[in-house]
Number of protein chains: 2
Amino acid sequence: MTESIESYALDEQVGYLLRLANQRHASIFQSHTLDGLTPTQFAALIRIADLGKCSQNRLGRLAAMDVATIKGVVDRLRQKGFAVVEPDPDDKRRTLISLSPEGEAMVARMKDVGQQITNETLKPLTAAEQRNLIRILRKIS
Amino acid sequence: MTESIESYALDEQVGYLLRLANQRHASIFQSHTLDGLTPTQFAALIRIADLGKCSQNRLGRLAAMDVATIKGVVDRLRQKGFAVVEPDPDDKRRTLISLSPEGEAMVARMKDVGQQITNETLKPLTAAEQRNLIRILRKIS
DNA sequence: ATTCAATTGTTCGTACTATAATAATCAAAG
DNA sequence: CTTTGATTATTATAGTACGAACAATTGAAT
């Protein structure tokens with residue numbers, strides 16, 4: 001009863017643990033991916049595939065990325081030849097983003113790899129724990 | 001049975017959900033902290049308080065930060081007046097890091113705030129889910 | 001038709017993250 | 001005592017992330 005006031009267990013704080021879990025996942029991701037595609041770029045790519053042609057800001061919102069962040073991500077996807085950019089004829093403010101054929105091929109390949117990455121990340125857990133983690137993370141996201 | 005091949009639910013992948021959870025936590029952290037202290041800086045500060053005077057690389061290892069990352073973090077903590085840096089007389093390669101009096105005061109204040117941040121981050125969860133999340137995150141970290 | 005508010009995309013500044021390369025130092029083994 | 005191998009810290013490069021400020025454009029209200 002004398003140590004409770006001063007004690008603060010960093011290793012049991014959600015924030016710290018989320019950072020560690022992210023680190024581990026990023027490292028697993030990197031060991032599986034080709035063309036140096038990052039988790040963020042992959043998420044954006046999947047979203048474009050699901051949404052079809054859409055504006056940059058809308059893509060950012062639906063991929064949970066800041067306007068400044070999505071700009072950089074789209075730039076790199078374009079640079080790597082996975083995304084195509086064109087002005088919206090109906091709204092001069094907008095830039096329309098879509099997948100190139102190489103982007104489509106990459107998405108097809110990455111869906112399998114993505115599943116492997118998820119499996120490897122969750123491997124230390126039982127099946128019940130895996131379901132639980134996903135469910136709980138969705139509640140605090 | 002026709003859609004299983006092409007479907008890939010980004011919103012159910014651990015990696016994506018971990019990124020979102022991190023975003024939410026960082027935003028909560030930022031709304032509680034003073035002096036612009038970041039979650040990473042806070043973690044480093046707590047570790048220094050627990051370890052006492054120690055080398056920069058050792059601090060980085062125990063706070064789960066890359067050598068390049070911990071350097072930047074220590075630089076900023078020093079700049080803000082929370083950390084003190086001195087050469088190790090016994091090993092000319094090493095730089096010893098310790099807390100300044102202001103750093104000690106900040107740690108004392110932040111332990112309370114840290115608990116509030118954790119509580120708010122976990123608020124959408126039941127008590128059982130909170131315990132579960134921490135336990136599961138520790139298994140995959 | 002003009003003003004006003006909102007949206008879109010860009011840029012800047014700051015911070016975190018990791019890898020790779022480098023230089024200085026240390027410890028241990030020959 | 002010198003070579004070898006490991007450790008420590010620094011730097012460069014690249015990517016993610018966000019807030020803030022900005023200009024251009026749009027749509028709606030007056």
Side-chain angles (χ1 to χ4, degrees), chain A residues 15-16 18-31 33 35-45 54-80 82-83 85-97, chain B residues 15-16 18-31 33 35-45 54-80 82-83 85-97:
Chain A
Y16 186 71
L18 284 173
R19 186 169 138 265
L20 296 197
N22 243 323
Q23 276 180 353
R24 176 152 170 281
H25 173 262
S27 150
I28 292 172
F29 191 100
Q30 202 197 5
S31 71
T33 192
D35 298 279
L37 207 65
T38 67
T40 310
Q41 290 167 16
F42 177 54
L45 221 47
C54 71
S55 85
Q56 182 175 285
N57 273 16
R58 179 168 148 76
L59 174 61
R61 278 192 300 272
L62 294 170
M65 295 173 206
D66 198 63
V67 281
T69 303
I70 191 64
K71 189 208 180 326
V73 173
V74 167
D75 280 353
R76 282 168 222 118
L77 289 177
R78 200 179 45 69
Q79 214 171 346
K80 292 181 179 182
F82 297 140
V85 161
E86 57 183 319
D88 185 339
D90 299 336
D91 189 335
K92 288 175 192 161
R93 296 169 302 180
R94 290 202 175 108
T95 306
L96 295 179
I97 320 290
Chain B
Y16 186 70
L18 284 172
R19 186 169 138 264
L20 296 197
N22 241 327
Q23 276 179 353
R24 175 153 172 282
H25 173 263
S27 148
I28 291 172
F29 191 100
Q30 202 197 5
S31 72
T33 193
D35 298 278
L37 207 64
T38 67
T40 310
Q41 290 168 16
F42 177 54
L45 222 48
C54 70
S55 84
Q56 182 175 286
N57 273 16
R58 178 167 149 74
L59 174 60
R61 278 192 300 273
L62 294 170
M65 295 173 206
D66 198 62
V67 281
T69 303
I70 191 65
K71 189 210 180 324
V73 172
V74 167
D75 281 352
R76 280 167 225 118
L77 288 177
R78 200 179 46 70
Q79 215 172 348
K80 292 180 179 182
F82 297 139
V85 161
E86 57 183 321
D88 185 340
D90 298 336
D91 189 335
K92 289 175 191 160
R93 298 169 301 178
R94 291 202 174 108
T95 306
L96 295 179
I97 320 289

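Quick caveat: nothing in here was measured; it's all calculated off a predicted structure. Each chain gets a letter, A, B and so on, in the order the sequences are listed, and its residues count up from 1.
Taking both residues in full, the closest heavy atoms of B:Met65 and B:Ile70 are given as SD-CD1, 3.8 Å, listed atom of the first, atom of the second, then distance.
Without hydrogens or angle criteria, B:Lys92 side chain to B:Pro87 main chain gives no donor-acceptor distance under 3.5 Å. Under the 3.5 Å distance criterion, the side-chain polar atoms of A:Ser31 are matched with a main-chain donor or acceptor of A:Ile28. Under the 3.5 Å distance criterion, the side-chain polar atoms of A:Gln23 are matched with a main-chain donor or acceptor of B:Ala64. Of the possible polar contacts, one joining the B:Thr38 side chain to the B:Gln41 backbone as a donor-acceptor pair under 3.5 Å is found. Side chain of A:Asp91 to backbone of A:Arg93: a donor-acceptor contact under 3.5 angstrom is found.
Atom CZ in B:Arg61 sits roughly 18 Å away from atom C1' in C:dT17 (whole-Å rounding). Residue A:Asp75 contributes atom CG, which lies 12 Å from atom C1' of C:dT11 at whole-angstrom precision. Per the geometry, CD belonging to B:Gln41 stands 14 Å off C1' belonging to C:dT17, to the nearest Å. Per the geometry, CG belonging to A:Asp91 stands 11 Å off C1' belonging to C:dG9, to the nearest Å. With rounding to whole Å, B:Asp88 atom CG is found 13 Å from C:dT25 atom P.
Side-chain nitrogen and oxygen atoms of A:Asn57 include none within less than 4.0 Å of the OP1 or OP2 phosphate oxygen of C:dT7. Between B:Thr40 and C:dT17 there is a side-chain N or O to OP1 or OP2 distance below 4.0 Å.
A:Arg58 CZ: 12 or fewer foreign heavy atoms inside a 6.0 Å radius.
Electrostatic pairing of A:Lys71 and A:Asp75 counts as a salt bridge here, judged by a charged N lying under 4.0 Å from a carboxylate O.
Residue contacts shown for B:Lys92 are limited to sugar-phosphate atoms, with no base heavy atom under 4.0 Å away. At the heavy-atom level, B:Thr69 lies under 4.0 Å from base atoms of the strands shown. In this structure, A:Asp66 reaches the bases: a heavy-atom distance under 4.0 Å links it to at least one base atom across the strands shown.
Annotation: of the two residues near DNA chain D, B:Ser55 and A:Gly72, the 5′-most nearest-nucleotide partner is B:Ser55. Ranked by how close their nearest DNA chain C nucleotide is to the 5' end, B:Ala68 and B:Lys80 are led by B:Lys80. Across the interface with DNA chain D, nearest-nucleotide mapping of A:Arg93 and A:Gly36 shows A:Gly36 to be the residue nearer the 5′ end.
Qualifying salt bridge (charged side-chain N to carboxylate O under 4.0 Å, His left out) partners for B:Arg61, counting only residues two or more places apart in sequence or in other chains: none.
Residues from residues 18-30 of chain B placing a heavy atom under 4.0 Å of any atom in DNA chain D, listed by number, are B:Arg19, B:Gln23.
The nucleotide range of DNA chain D contacted by chain A, defined by atoms under 4.0 angstrom from heavy atoms of the protein and reported 5' to 3', is D:dG15 to D:dT26.
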